[in-house]
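One structure is given here, and the rest of the page talks about it.
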Amino acid sequence: MLKKTFCHVPGIGIRTEATLWGKGIHGWEDFLELAQKTWPLPSRKLAESILVQSLEQVNQGNPDYFNHLLPSHLIWRIFPEFRAQTAYLDIETTGLDVESCQITTIALYDGTHIFHYVQGENLEAFPEDILKYRVIVTYNGKTFDVPFLERYFRIKIYQTHIDLRYVLNALGYKGGLKNCETLLGIDRGGLKGVDGLFSVLLWADYIQNGNAKALETLLAYNIMDVVNLEVLMVLAYNMNLRGTPFEGQLEMAMPSEPFLPFYPHQPTIEKIRHGGWVGASFSGKI
DNA sequence: TTGCAGAACTGCATACCGGG
DNA sequence: CCCGGTATGCAGTTCTGCAA
């Protein structure tokens, strides 16, 4: 619905945009053709130049332009136009504090390929890989994942960022990623009940006890998060179309599930869940 | 020209909430 | 637990269209 958006023009808010839609001016081309007589001149020149520019920026595949002009709560509108350049991103760490904690794994998904990074193996490849994308989608990544990555790798993540926490909150879905998934009927299969804190224990089991199955379970969890981010993005996009003139026209199809390279190991999950073992040196930091 | 209403925008303070 | 991004609410300002 980006090409039906007028809110990124200075002086046009959601109300004016709605009146434009009501007049049958549904897209940028409509405005450039039809609004010429009705729109007042001084602001019309600015609007026209921004809309012409907008068309060029979409064709050139540059989401940054809209990132700067759109109000942040409407950034979800860019998704279909820039989906091919979008990466879904999630990190796992040994805790919440950037100063004292380290990144254990990173999962990156572009809608087709899944990439994973492991501390001590290939974590250093991440900063270069993320440069291939122009848009990132996360859950609460604006306050956690991105600052953590920037600090950890001493890099700046410039990508246009759709943080689903705020998109879903605005739609009434709150209580964290897992709760949003539950409310929207997304099933986690064998990873039910595994959360971020649990992932800290999986990493500890891998490091301290050499349990390779714990790392596989952690990666399965990390990857499930990013794969589900795409599902949530599409669901949120479709829900946001409700109440607009474009309801029933622009809905996106649900993505198909990719091949998942790791499976959760139930005996490991059970062992940790029932408290039989807690990593001693990790427990103080959590 | 003047006054009014509506819309957008800015600048505050406050509150909430989510990550591992 | 902590911290930062965002939402909300409110007041004040600016801009524009419209009508008197």
Side-chain angles (χ1 to χ4, degrees), chain A residues 6-20 22-23 35 37-47 50 67 69-76 88-107 119 136-152 157 160-183 191 193-207 214 217-219 221-222 224-226 228-229 232 236 272 278-279 281-286:
Chain A
F6 297 100
C7 278
H8 61 310
V9 177
I12 299 184
I14 42 167
R15 286 174 179 170
T16 310
E17 182 183 69
T19 36
L20 282 169
K23 289 176 186 169
K37 293 153 199 150
T38 55
W39 207 253
L41 191 66
S43 54
R44 193 179 81 211
K45 287 286 170 199
L46 176 63
I50 286 187
N67 190 29
L69 288 178
L70 268 177
S72 61
H73 67 282
L74 296 179
I75 195 62
W76 56 269
Y88 310 89
L89 171 67
D90 184 53
I91 69 173
E92 304 303 324
T93 69
T94 54
L96 294 172
D97 182 43
V98 189
E99 303 294 333
S100 62
C101 299
Q102 61 173 349
I103 295 176
T104 57
T105 65
I106 304 172
Q119 173 72 241
I136 57 171
V137 174
T138 66
Y139 191 93
N140 201 36
K142 286 198 173 179
T143 46
F144 185 73
D145 302 68
V146 165
F148 213 114
L149 287 164
E150 289 184 333
R151 184 92 183 213
Y152 195 86
I157 291 180
T160 294
H161 188 169
I162 305 177
D163 190 333
L164 286 175
R165 173 189 170 182
Y166 304 106
V167 181
L168 289 167
N169 268 17
L171 288 164
Y173 296 92
K174 302 183 184 199
L177 175 65
K178 311 297 175 289
N179 190 55
C180 290
E181 287 180 9
T182 306
L183 292 170
L191 284 162
V194 176
D195 59 12
L197 185 56
F198 202 98
S199 81
V200 178
L201 301 175
L202 286 167
W203 178 255
D205 191 16
Y206 165 65
I207 290 296
T217 305
L218 173 58
L219 288 168
Y221 166 74
N222 196 180
M224 174 128 289
D225 274 2
V226 289
N228 284 352
L229 283 177
L232 289 168
I272 295 174
V278 174
S281 69
F282 282 80
S283 54
K285 285 184 182 175
I286 298 163

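The chains referred to below are lettered A, B, ... by the order of the sequence lines, with proteins before strands, and numbering in each begins at 1. What's counted below: heavy atoms across the whole structure, side chains too, no hydrogens, waters or symmetry copies.
In terms of modelled atom types and a separation under 3.5 Å, the side chain of Asp90(A) and the main chain of Val226(A) share no donor-acceptor contact. Judged purely by atom type and a 3.5 angstrom limit, Tyr221(A) uses its side chain to pair as donor or acceptor with the backbone of Gly196(A). Of the possible polar contacts, one joining the Asp163(A) side chain to the Asn140(A) backbone as a donor-acceptor pair under 3.5 Å is found.
Nucleic acid contact for Tyr139(A): sugar-phosphate only, since backbone atoms but no base atoms lie under 4.0 Å from a heavy atom of the residue. Counting non-hydrogen atoms under 4.0 angstrom, Arg165(A) reaches a base of the nucleic acid. Residue contacts for Ser199(A): at a heavy-atom cut-off of 4.0 Å it reaches the sugar-phosphate backbone alone, with no base atom in range. Within 4.0 Å of Asp195(A), counting heavy atoms only, lies no atom of the nucleic acid at all. Contacts of Asp90(A) with the nucleic acid, taken as non-hydrogen atoms under 4.0 Å apart, involve only primed sugar atoms and P, OP1 or OP2. Gly175(A) comes within contact range of the sugar-phosphate backbone alone, with a heavy-atom separation under 4.0 Å but no base atom that close.
Distance from the side chain of Arg15(A) is smallest to dA8(B) among dA8(B), dG19(B), dA7(C). Among the nucleotides dG20(B), dG18(B), dA7(C), the one closest to the side chain of Asn140(A) is dG18(B). Of the listed nucleotides (dT6(C), dG20(B), dG19(B)), dT6(C) has the atom at the smallest distance from the side chain of Lys142(A). Proximity note for Asn169(A) (side chain, C-beta onward) versus dG5(C), dG18(B), dG20(B): the nearest is dG18(B).
Following rounding to the nearest Å, Asp97(A) (CG) and dG19(B) (C1') show an atom-to-atom distance of 12 Å. Rounded to a whole Å, the CD1 atom of Ile272(A) is 16 Å from the P atom of dG20(B). Atom CD1 of Ile207(A) and atom C1' of dG20(B) are 16 Å apart (whole Å). Distance, Asn179(A) CG to dC16(B) P: 18 Å, rounded to whole Å. Across the protein-nucleic acid pair, Phe148(A) atom CZ and dG4(C) atom C1' stand 15 Å apart, rounded to whole Å. With rounding to whole Å, Leu70(A) atom CG is found 13 Å from dT6(C) atom P. dG19(B) atom P lies 11 Å from atom CG of Leu229(A), rounded to whole Å. Atom NZ of Lys174(A) and atom P of dG18(B) are 8 Å apart (whole Å).
The side chain of Thr16(A) contributes an N or O atom lying less than 4.0 Å from OP1 or OP2 of dA8(B).
When the shell of 6.0 Å around CG of Leu183(A) is examined, it contains more than 12 heavy atoms from other residues, nucleotides or ligands.
Nearest-nucleotide assignment on DNA chain B puts the 5′-proximal partner with Tyr166(A), out of Thr93(A) and Tyr166(A).
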Worksheet item: Given the rule in the side chain to side chain contact (heavy atoms under 4.5 Å, CB included) test, do Ile136(A) and Asp145(A) qualify, once you have shown the distances and angles that lead to the verdict?
Response: CA-CA 11 Å; Ile136(A) 57 171; Asp145(A) 302 68; over 6 Å; no
